[in-house]
Amino acid sequence: MSRGLFVDFAPKVLAEAVREPEPFEVTVQGERVSLEQSESGLTGTLSDLVITARVEEYSGYGALNWQLTLENRGTTTLGGVELKPFRLLLDVDPSTTLPRVRHLSGSWHFDASYPAQAFRVQEEAFMTHDHSRPVIIGGEAARDHVPIMQFALDQEGELAGFFVGFEWSAGWEFRAGWETFSFAGEAVGPFLLEGEMTLGEIVLAPGATITTPRVHVGFFTGESWTELDNRQRRYLKERLAPEPHQGHQELPVSYNHWFGIYLDFDLEDLKRQAKRATELGCEYFCLDASWYRTSRSFLAGVGNWNTPDPRKFPKGSEDIRELSAFVRDLGMGFGFWHLIQLAMVDTDMLREHPELYRASTPGSRQPQAYRLRLEIPEGEEFAYQTLRRMIDAWNVTWMRYESVPENGLRYNQGYYRVIDRLRKDVPELYIEICNGGGMRLDLGSVARVHGNWLSDHTSDPEVCRFMQTGALRFWPPDYLNLAVTAFRGRGGETATEHQVLSRMVGVLSFSGAVAEWNDDQTKRISALVDLYKEIRDDKRQPVFFPLPQPRRVEDWDAVVFGDGRGPRQLLFVFRTAGAESVRIRLPEADGSWRLQAASGTAALEEDGDALKISLSKRSGALWMRQRSSK
């Protein structure tokens, strides 16, 4: 590794452009630490600071990751440490090579526009070095951008590049652009790619050691980004995500009461919803927000983890145990929602353990909240024991783990240890992460949990489908859960094929007053749930998008699972408005397409080397192609 990590792993075009040996930088009091190969790895020393880079290689995925350990071997406290966990300088000739950057917008919480701002693919190419401004993405977790950047050098349509992301769940930033501005005709400086995490001030006491989050990189070559997208999804799912949890199908069908019912429910009402949920084919039932004592909003009672709401559960925890037993007798797993990191004023946790909380700065329209001090062992242990007590008392096998991002290395390491410990100690527990929707779509989360709640907008099927197909461009389908919502008093309005098809590209779930659906509606929807269960394993295949991502209401959307090498392919197609038909080209395979489900009129016919698809407005369809047996 004397020439650096990228030279060893990167495609030739990219490797030849690398200027410096290490793709990261550490300075102490402004002086850069140089690293060299040693028996213990890549190490460097400056003053009393010893730095070791630990590298993991995954040649089968064209990927690697690294993390840095910083140790103070001196007798005085060491400060002034600056860290850039990702920094790469490239020599690029803009007359022959085009640097290209691609990224994905974040959750844009509760975005109900179409096409949504959430999960939009954006791409920029640096046409010249002439005063080119950098591309900068970042922010808080995945609110504004999903924290992965894709980069490629383009030489006459041949791409050589990589994805890069941090195993981190708080503030971050990536930048790409020429290191120095210059005019056309002047000397060209290097092209700079760098990224940072908001780890907080790095101060090491004598003998102290800290280890930074891992940086993940995966390389590719090809004529389009599709090869990188599929490598990226495969690496995230097969190498980074935890092993499938004990005894359960992945991409499960679940129910939660929140969207559509909100605060207005009681034990008997939930039993009615649970009965209908199991008739629909749900495999988990989640007792969502406001199960605890609260008043005007779900947030007002956050922190009352010892006190189930007496208006909903007069017998307290005993009633929740009864609900859990009822759900399990129906054949579903039982789960609950929590926001363990926060406590509001006058709640159980803050009143009983004030020393474990600190005031946080409220948002412009948010009440004062207190953060659990996960950066200290006592706060971390308290979070684990509180959650474990509820898991054991209610026989919980599902957890919707709501968590609010906060910067700082020690805080996030404590947060990670709570999840890691729960997953290890309760192997049958399925953990779904969320924060107002997809703000937890980050590598720190995917490394620890089984699923992700994608968005708090659950009503419009076009918006929901756009968000799922958009996020799927970067992310495995396991982390794209969206619900078909039945709203109290008008639940039957959403018991349609189109509502279900528009959530089947990712993870399918249901929410709200599904007990209002009649027997005919339930039968039709449960047939689609059966179809979803039949095809969910097929979504492990490579993914292709034969049409550009929609940018206006007239644009169609299409997703293909499978490159023709597996036993079958899936083709999802959606039309909101626009032309009555569209022609698409797909990966070659034998066999014929058969319509599996449609929410309107649908037709498919061979048209030369393409398919001609016709759909009615605001509808979707799913076709399957079985590989011919020989």
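- With ring centers used as reference points, Phe86 lies 6.0 Å or more from Trp172.
- Within the structure, salt bridge (Lys or Arg N to Asp or Glu O under 4.0 Å) pairs that include any residue of residues 435-445 do not occur (at least two apart or interchain).
- Atom CG in Asp456 sits 4.5 Å away from atom NE2 in His109 (nearest 0.5 Å).
- The structure places CG of Asn452 at 8.0 Å from CG of Asn481, a figure rounded to the nearest 0.5 Å.
- At least one side-chain heavy atom of Arg568 sits less than 4.5 Å from a side-chain heavy atom of Asp538.
- Arg234 and Gly60 make their closest contact through NH1-O, 3.5 Å (heavy atoms, listed as atom of the first residue, atom of the second, distance).
- Pairs of residues two or more places apart, or lying in two chains, that qualify as salt bridge (Lys or Arg N to Asp or Glu O under 4.0 Å) and include a residue from residues 108-136 are Arg100-Glu123.
- The closest donor-acceptor contact from the side chain of Glu402 to the backbone of Gly436 lies under 3.5 Å.
- For Phe574 against Gly620, the heavy-atom pair with the smallest separation is CD2-CA, 3.7 Å.
- Note on Arg239 versus Glu56: no salt bridge recorded, every NZ/NE/NH1/NH2 to OD/OE distance being 4.0 Å or above.
- Under the 30°/60° scheme for interplanar angles, the aromatic rings of Trp398 and Tyr284 are found to be tilted.
- Between Asp555 and Arg552 there is a salt bridge, with a side-chain nitrogen of the basic residue lying less than 4.0 Å from a carboxylate oxygen of the acidic one.
- Here the NE2-CG distance, from His216 to Asn65, works out to 4.5 Å after rounding to the nearest 0.5 Å.
- Geometrically, Arg448 engages Tyr416 in a cation-pi contact, judged by NZ or CZ lying under 6.0 Å from the ring centre and within 45° of the ring axis.
- By the neighbour-count criterion of 12 heavy atoms within 6.0 Å, atom CH2 of Trp108 is sparsely surrounded, having that number or fewer from other residues, nucleotides or ligands.
- A donor-acceptor pair under 3.5 Å links the side-chain atoms of Gln341 to the main chain of Val404, judged by distance alone.
- Residue-environment remark: CZ (Arg143) stays at or below the threshold of 12 foreign heavy atoms within 6.0 Å.
- Proximity of the aromatic rings of Phe191 and Trp178 is defined here by a centroid distance below 6.0 angstrom, and this criterion is met.
- Between Tyr58 and Tyr61, the two ring planes are perpendicular [angle over 60°; tilted spans 30° to 60°].
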For residues 471-478, dump all side-chain donor-acceptor pairs below 3.5 Å to protein atoms at least two apart in sequence or in another chain.
| from | atom 1 | to | atom 2 | distance (Å) |
| --- | --- | --- | --- | --- |
| Arg473 | NH1 | Thr469 | O | 3.0 |
| Asp478 | OD1 | Arg540 | NH1 | 2.8 |
| Asp478 | OD2 | Lys237 | NZ | 3.2 |
| Asp478 | OD2 | Arg540 | NH1 | 3.4 |
| Asp478 | OD2 | Arg540 | NH2 | 2.7 |

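- The two residues Leu83 and Leu199 make their nearest non-hydrogen contact at CD2-CD1, 3.8 Å.
- Between Arg32 and Glu25 there is a salt bridge, since a side-chain N of the basic residue sits under 4.0 Å from a carboxylate O of the acidic one.
- By the 4.5 Å heavy-atom criterion applied to side chains, Tyr532 and Val500 are not counted as neighbours.
- Partner of Thr69 under the side chain to side chain donor-acceptor pair (under 3.5 Å) criterion, chosen from Thr52, Thr211, Thr212: Thr211.
- Looking only at side-chain heavy atoms (C-beta outward), Phe466 and Pro550 come within less than 4.5 Å of each other.
- In this structure, Arg87 forms no cation-pi arrangement with Phe24, as its terminal cationic atom is not both closer than 6.0 Å to the ring centre and no more than 45° off the ring axis.
- Here the straight-line distance linking atom CG of Leu159 with atom CD of Gln150 works out to 10.5 Å at 0.5 Å rounding.
- Here Phe151 and Phe162 bring their ring centres to under 6.0 angstrom of each other.
- From Lys539, atom NZ reaches atom CZ of Arg233 across 12.5 Å, with rounding to the nearest 0.5 Å.
- Ring-plane geometry between Phe219 and Phe9 is classed as parallel, the angle between the planes falling under 30 degrees on a 0 to 90 degree scale with a further cut at 60.
- Relative to the ring axis of Trp66, Arg54 does not place its NZ or CZ within 45° and under 6.0 Å from the centre.
- Look at Glu375 and Arg410 and you find no salt bridge, because none of the NZ, NE, NH1 or NH2 atoms lies under 4.0 Å from a carboxylate O.
- Counting only heavy atoms from C-beta outward, the side chains of Val543 and Asn230 approach each other to under 4.5 Å.
- Here the CZ atom belonging to Phe181 is positioned 8.0 Å from the OG atom belonging to Ser132, to the nearest 0.5 angstrom.
- Checking each of Leu98, Asp154, Val135 against Phe126 for a side-chain contact (heavy atoms from CB on, under 4.5 Å) leaves exactly one that passes, namely Val135.
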